[in-house]
Amino acid sequence: MSQNSKTAGDQVKAMEKIVSLAKRRGFVFQSSEIYGGLNGCWDYGPLGVEMLNNLKQQWWKSMTYRENVEGLDASILMHPRVWEASGHVENFTDPMVDCKQCKARYRIDVLFDDLSLKKKKDVLRELDAQKFGGQQKDETIIEEFAKLVTTDQDAARIVLMLPCPNCGNKGTFTEARKFNLMFKTFVGPVEDSSSVVFLRPETAQGIFVNFLNVQSASRQKLPFGIAQIGKAFRNEINTKNFLFRTREFEQMEMQFFVKPGTDVQQFEYWRGERMQWYIDLGMTEEKLQWHQHPKDKLAHYAKDAYDVEYLFPFGWGEIEGVHNRTDFDLSRHEQFSGKSMKYFDEETKEKFTPFVIETSAGASRSFMAFLVDSYREEEAPNAEGAMELRVVMKLHPKLSPIKAAIFPLVNRDGMPEFSRKLESDLRPYFRVFYDDSGAVGRRYRRQDEIGTPYCITIDSQTLQDQTVTVRDRDSMVQERIASTGLKEYLAKKLM
RNA sequence: GCGGGCGUAAUUCAGUGGUAGAAUGCCAGCUUCCCAAGCUGGACGUCGCCGGUUCGACCCCGGUCGCCCGCUCCA
């Protein structure tokens with residue numbers, strides 16, 4: 001599971017430490033905690049929301065501060081037909097069965113896929129002995145079987161004839177049940193079937209349906225992209241691993257519209273861009289990898305798909321998908337809405353449906369990845385020179401919730417007053433934090449634990465020459481600079 | 001959804017059938033000229049929730065919710 005030498009137990013402990021620090025210091029709380037919590041739901045506390053906003057801002061800047069990418073913020077609720085067109089109504093409702101004997105659960109289509117030819121033949125014979133009693137070609141068997149399982153009724157009948165692959169018992173399956181992974185709700189106060197809408201299971205469709213609106217409003221020509229950050233909802237069977245698998249999550253998506261034939265090249269370009277983004281924000285390169293979806297497991301819309309995976313304490317997990325969605329979505333919306341989704345190329349006088357390269361990053365997941373990646377336990381000398389444990393979040397300064405802390409070295413001789421003045425000078429520009437409580441060493445460590453990159457200390461020399469010390473979180477080295485130059489100093493480091 | 005583990009202060013944990021402790025953290029004051037120091041004082045838990053057994057339950061039993069691990073799932 002993991003590539004380093006740590007045991008699984010250590011990995012679990014590491015995760016638990018991060019979760020408890022996240023709570024103690026106000027990064028992440030359990031949702032509705034006083035009521036016992038709500039499965040798989042989490043709240044971002046004061047530091048968490050700050051860091052999450054920084055993360056989203058970095059993404060937004062890197063993706064939309066471009067000539068050919070426009071922003072969008074589409075509604076979470078969309079016309080129900082959108083989800084028929086997108087394939088979610090069809091594909092998000094997989095019928096499943098449980099084995100009553102051994103409690104294993106199967107998706108029906110997977111159960112059928114794993115069936116041997118002989119077994120398929122047996123099933124067909126049992127259903128229609130006359131037609132399939134004699135010799136049949138293999139192709140015919142496969143074909144006829146495939147035809148049969150397309151209707152829910154027949155599929156349900158067949159399942160009851162099959163043995164459980166796990167325990168081998170026959171006739172132990174429950175009735176097939178549908179699991180709709182989309183959250184359903186109602187528009188207006190009356191709960192009738194005509195008012196059903198869904199909470200979007202992905203933000204992408206809000207972009208696709210607005211493709212021509214954005215294109216004409218912004219006067220963009222192909223190739224160009226539309227970027228959006230927003231919440232999406234999937235009614236997962238299980239939540240898992242802290243923020244990793246939740247039912248409510250936030251996506252940072254960009255759909256890039258290109259001329260067919262140029263899609264492969266664009267796909268590679270965006271793969272490079274997206275991987276570099278994580279590296280530039282300080283994520284450990286060795287803990288990042290690409291995972292290519294096998295061709296036979298591709299989603300219904302995709303021609304090629306790669307995931308950016310991060311090595312979490314519980315193993316590799318997807319934090320972003322870069323997919324070639326082809327013209328699937330636009331074509332389907334054209335078909336379902338009756339409105340043209342085609343693009344007219346003025347230069348070549350061609351009219352065509354663009355291909356789409358999708359970069360879909362999980363804001364919540366990458367938040368967690370950055371949190372996990374930056375957590376360190378180090379040895380550091382204390383005042384007596386003995387080594388002590390130092391917990392430090394080595395977040396990239398751009399992501400750190402607090403950019404600088406301001407400390408009067410001691411609470412007298414005008415140091416607090418000078419510090420307060422400095423604080424109010426910096427506060428309009430940076431998220432700063434004033435702390436005069438306890439020994440200065442303790443204050444440094446408190447900031448280390450939440451990833452504050454710089455600590456500014458006002459000492460007796462400050463009162464003489466208006467210089468302050470700036471202590472670097474990672475090296476713990478101090479440099480003395482003029483207090484009047486602090487704004488520029490920090491701006492340079494944080495921009 | 002299944003199986004296993006767990007749920008006591010903000011955190012990590014101890015605890016006994018007779019209505020609860022430690023350490024760390026936090027707050028206030030003193031001290032302190034640079035890396036979790038020291039001193040004094042202080043706040044904080046109806047022991048996840050509901051029910052049952054009992055004269056009496058944090059402790060026993062049942063249910064439920066939540067978290068973690070494994071399986072399943074993750075178009």
Side-chain angles (χ1 to χ4, degrees), chain A residues 1 8-9 11-13 15-17 19-26 29-42 45 86-94 96-107 109-110 166 174 177 179-182 201-202 234-242 244-247 293 297-302 305 307 313-314 317-318 321 380-386 388-392 407-413 415 437-449 455 457-463 468-469 471 473 476-478 480:
Chain A
M1 159 165 164
Q11 303 282 350
V12 171
K13 274 189 193 133
M15 203 59 227
E16 282 172 356
K17 279 180 187 173
V19 173
S20 98
L21 183 145
K23 179 181 182 189
R24 190 161 41 82
R25 300 306 308 269
F29 306 125
Q30 190 174 16
S31 163
S32 319
E33 191 187 15
I34 61 168
Y35 289 101
L38 182 62
N39 183 284
C41 292
W42 304 89
S86 70
H88 285 84
V89 169
E90 202 181 331
N91 290 294
F92 250 37
T93 54
D94 298 312
M96 304 213 232
V97 290
D98 293 326
C99 172
K100 284 180 265 192
Q101 193 65 39
C102 69
K103 309 296 181 196
R105 166 170 295 174
Y106 302 95
R107 245 169 60 191
D109 59 321
V110 172
N166 186 45
T174 59
R177 287 177 295 179
F179 286 71
N180 192 331
L181 297 191
M182 284 198 290
E202 65 176 16
R234 293 182 196 180
N235 216 341
E236 302 284 355
I237 294 171
N238 286 333
T239 60
K240 211 181 165 184
N241 292 327
F242 196 38
F244 188 77
R245 171 153 294 122
T246 54
R247 297 194 169 98
H293 293 207
K297 292 241 172 95
L298 285 175
H300 59 275
Y301 55 74
D307 292 340
F314 50 80
E318 177 194 353
N382 65 13
E384 279 78 46
E388 279 188 347
L389 186 71
R390 170 181 178 244
V391 172
V392 51
F407 307 147
L409 185 58
V410 291
N411 289 312
R412 54 176 159 79
D413 303 337
M415 291 180 205
S437 152
V440 74
R442 173 182 300 275
R443 285 178 264 164
Y444 285 138
R445 296 301 170 83
R446 278 199 279 246
Q447 296 305 313
D448 289 342
E449 203 180 42
C455 291
T457 302
I458 286 74
D459 58 13
S460 55
Q461 192 181 330
T462 309
L463 306 173
V468 297
T469 61
R471 179 255 198 192
R473 176 195 67 202
M476 296 193 282
V477 170
Q478 290 177 299
R480 185 169 283 277

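Order of the sequence lines fixes the chain letters, A, B, ..., with proteins taken first and strands second; residue numbering starts at 1 for each chain.
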Enquirer: Using a 4.0 Å heavy-atom cut-off across all strands, classify A/Met415 as base, sugar-phosphate, or nothing.
Expert: base
Enquirer: With a 4.0 Å cut-off on heavy atoms, is A/Ser437 in touch with a base, just the backbone sugar-phosphate, or nothing at all?
Expert: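 Sugar-phosphate contact only.
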Enquirer: RNA chain B: A/Ile458 or A/Phe244, which has the more 5' nearest nucleotide?
Expert: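 So the residue in question is A/Ile458.
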Enquirer: Considering the options A/Arg390, A/Arg443, A/Arg473, which one meets the salt bridge (charged side-chain N to carboxylate O under 4.0 Å, His left out) requirement together with A/Asp448?
Expert: A/Arg390
Enquirer: Say you draw a straight line from OH of A/Tyr35 to CD of A/Gln30; how long is it, rounded to the nearest 0.5 Å?
Expert: 14.5 Å
Enquirer: Less than 4.0 angstrom between a side-chain N/O of A/Asn39 and OP1 or OP2 of B/C65, yes or no?
Expert: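 For A/Asn39, the contact criterion (side-chain N or O under 4.0 Å from OP1 or OP2 of B/C65) is not met.
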Enquirer: Rounded to whole Å, please give me the gap between OH in A/Tyr35 and C1' in B/C67.
Expert: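 Rounding to the nearest Å, OH of A/Tyr35 and C1' of B/C67 are 20 Å apart.
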Enquirer: Taking the side chain of A/Arg471 as heavy atoms from C-beta outward, which of B/C35, B/A36, B/C33 is closest to it?
Expert: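 Given the options B/C35, B/A36, B/C33, the side chain of A/Arg471 is closest to B/C35.
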Enquirer: Of the options B/G70, B/C34, B/A36, whose atoms approach the side-chain atoms of A/Tyr444 most closely?
Expert: B/C34
Enquirer: Rounded to whole Å, how long is the line connecting atom NZ of A/Lys23 with atom P of B/G48?
Expert: 13 Å
Enquirer: Can you measure A/Arg24 atom CZ to B/U24 atom C1' for me and round it to whole angstrom units?
Expert: 9 Å
Enquirer: When you check the side-chain N and O atoms of A/Gln461 and A/Arg480, is any donor under 3.5 Å from an acceptor?
Expert: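 Judged by distance alone, the side chains do pair up.
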Enquirer: When you measure from the side-chain N and O atoms of A/Asn241 to the phosphate of B/C69, is any distance below 4.0 Å, counting only OP1 and OP2?
Expert: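 The answer is yes; a side-chain N or O of A/Asn241 sits under 4.0 Å from OP1 or OP2.
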Enquirer: Output the pairing pattern of RNA chain B as a dot-bracket string, 5' first, Watson-Crick or G-U wobble with both distances under 3.5 Å, | for cross-strand pairs, [ ] for crossing pairs.
Expert: (((((((..((((....[..)))).(((((.......))))).....(((((..]....))))))))))))....
Enquirer: Between A/Cys41 and A/Glu202, just flag the one whose closest nucleotide in RNA chain B comes earlier from the 5' side.
Expert: A/Cys41
